[in-house]
Amino acid sequence: MFEQTPRRTIESLRSQRWLAKDDIRSFAHRQRLQQRGLRREEFMDRPVIAIVNTWSDLSPCHSHLRERAASVRQGILLAGGFPVELPALSLGEVMVKPTTMLYRNLLAMETEELLRSHPVDGAVLLGGCDKTTPGMLMGAISMDIPAIFMPAGPMLNDRYRGQTVGAGTHTKKFWDEYVVGNISKEEWVGLEARMTRSPGTCNTMGTASTMTSIVEAMGFTLTGATSIPAMDSAHPRLASQCGARIVEMVWEDLKPSRFFTRESLINGVATYVALGGSTNAAIHLIALAGRGGLSLTLDEMDAVARKIPVIANLFPAGDKLMEDFHFAGGLPALLAEIRPHLALDALTVTGRTLGENIRHAKNLDPEVIRSVDRPFAPGAALAVLKGNLCPDGAVIKPSAASPKFFHHRGKALVFESAEDMLARIHLPDLDVTEDTVLVLKNAGPVGAPGMPEWGNLPIPKKLLMQGVRDMVRISDARMSGTHYGSCIVHVAPEAAVGGPLALVRSGDTITLDLEARTLNLDISDTEFANRRLGFVAPKRQFERGYARLYVEHITQADKGCDFDFLIGNAPTPEPSIY
Ligand code: FES
């Protein structure tokens, strides 16, 4: 059982260092709050709660978060707290280039330092688009004050010509059909207005819903928060409830270090694999663990994935969307199906255990949420590969791959960079067949930099015309959680730092054995050694700025791609108020 702690007193809260003293500094702090038009009694002797908001005009998934911040504020006021809204880096997944992953750690740093540098006792974190969830939580775990995550909620379902369509997943499907002329230009332009029907995060089990589900299972959200559609009236009520609950959490001193434990971390892994979630989670989970001073390896995740099958019938592996998942009972219903695999006595932000939170959960639609005895997909959500091509690991999502490629041997066709790939992939005379293994180098954390979601390499047009829709693809990049295909991603170490991927040449033979969890380049050790002698690292692209900091401190995919100086839970001193 978790440890009970005495309730905090107002004098013991960190905000009081700024606000309660009879000195010139506190005078100035109180004066500046009154400059906002506040009365003294509106902020004195109350917990100060930050609403960290990742709203922006270029983050459509979060376009309703200003209104939700107002609801959070209402809940905080009703519970006797003093709300302050702090804007943070928005990270709209689709707009930010080269990739939001380049900035996940920046958002983590910003969240941590926003909370540290201001008079804040607790925080409600408003996010949901892919990197915002791990980014904000990494920062909050490092800061370790009471924090609750409020997911933006998925966008509404959409249908197109009678067919259920999912954000991201169908964009890719329709693009392939457009490339080969099965969709007209007019229809393609018309499709721009479809598949993203309302504000909210992608309605498939992409990275956004994977991560919000994981953090719910790990105890960072109110029960059932993940699947509430962004435009449902329950969503502003959830926001208000988050506001009310965080005030209580401050009095209870319920901070991440009290409930983010090895047990809750494994609950997160179990949830990820049962959902058939995005491969991105394999990176974010390791990074989150690192912030909490916990360890998690790829092999440990593979072991969980071998035990728990995919039971959620959700795009991209299935044919349902997040709204269907919500009506089926949402995450609590899924967790109830995998109850024996969970640490039910793990504490959560509700102040209760996970087991108590899901005690009354019911699966209301067994076609959306299956059971462990009647899984949805034959393949696991995650398989971790090792071999001479990826000594530190690579991952594949078997449930979104073609079973015919689970054991595959093929000739490599190598692209040295994304630019090289884009220049050649659709050439009519490209030497490629369905059995070719497409290899993309220099798309990893250092090489790109930022490890973009380029791992779902396009199928060459000449093969699309022949009806081919999947091939084995290998890269040190990531893959969008909304996508599907036999893509081996996160190869570590990456090519740009001299990983074996850098040594592959077109025409080499590569062997994938999913059952054995191996990925090998079929050349001799001598040949390997000779090629290694000739390795030349790509020229560094950035001499200054954030990208330089990034490439100098980023860890590889198997270590969570956090900055080396941010890992661990060594205490950081509180700021001086002098
Ligand atoms: Fe924001 Fe998919 S683009 S969640």
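Numbering of ligands and ligand atoms starts at 1, following listing order.
Salt bridge present: R469 and E177 bring a charged side-chain N and a carboxylate O closer than 4.0 Å. Between E323 and K320 there is no salt bridge, since no side-chain nitrogen of the basic residue lies less than 4.0 Å from a carboxylate oxygen of the acidic one. Between R116 and E112, at least one side-chain nitrogen of the basic residue sits less than 4.0 Å from a carboxylate oxygen of the acidic one, meeting the salt-bridge criterion.
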Steps toward ring pair (Phe, Tyr, Trp, His ring centres under 6.0 Å) verdict (F315, Y484): CA-CA 9 Å; F315 279 110; Y484 52 91; 9.5 Å; no

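For atom 2 (Fe) of ligand 1, the tally of protein N/O/S atoms lying closer than 2.8 Å stands at 1.
Aromatic ring centres of F542 and Y550 lie farther apart than the 6.0 Å criterion allows.
When the shell of 6.0 Å around NZ of K461 is examined, it contains 12 or fewer heavy atoms from other residues, nucleotides or ligands.
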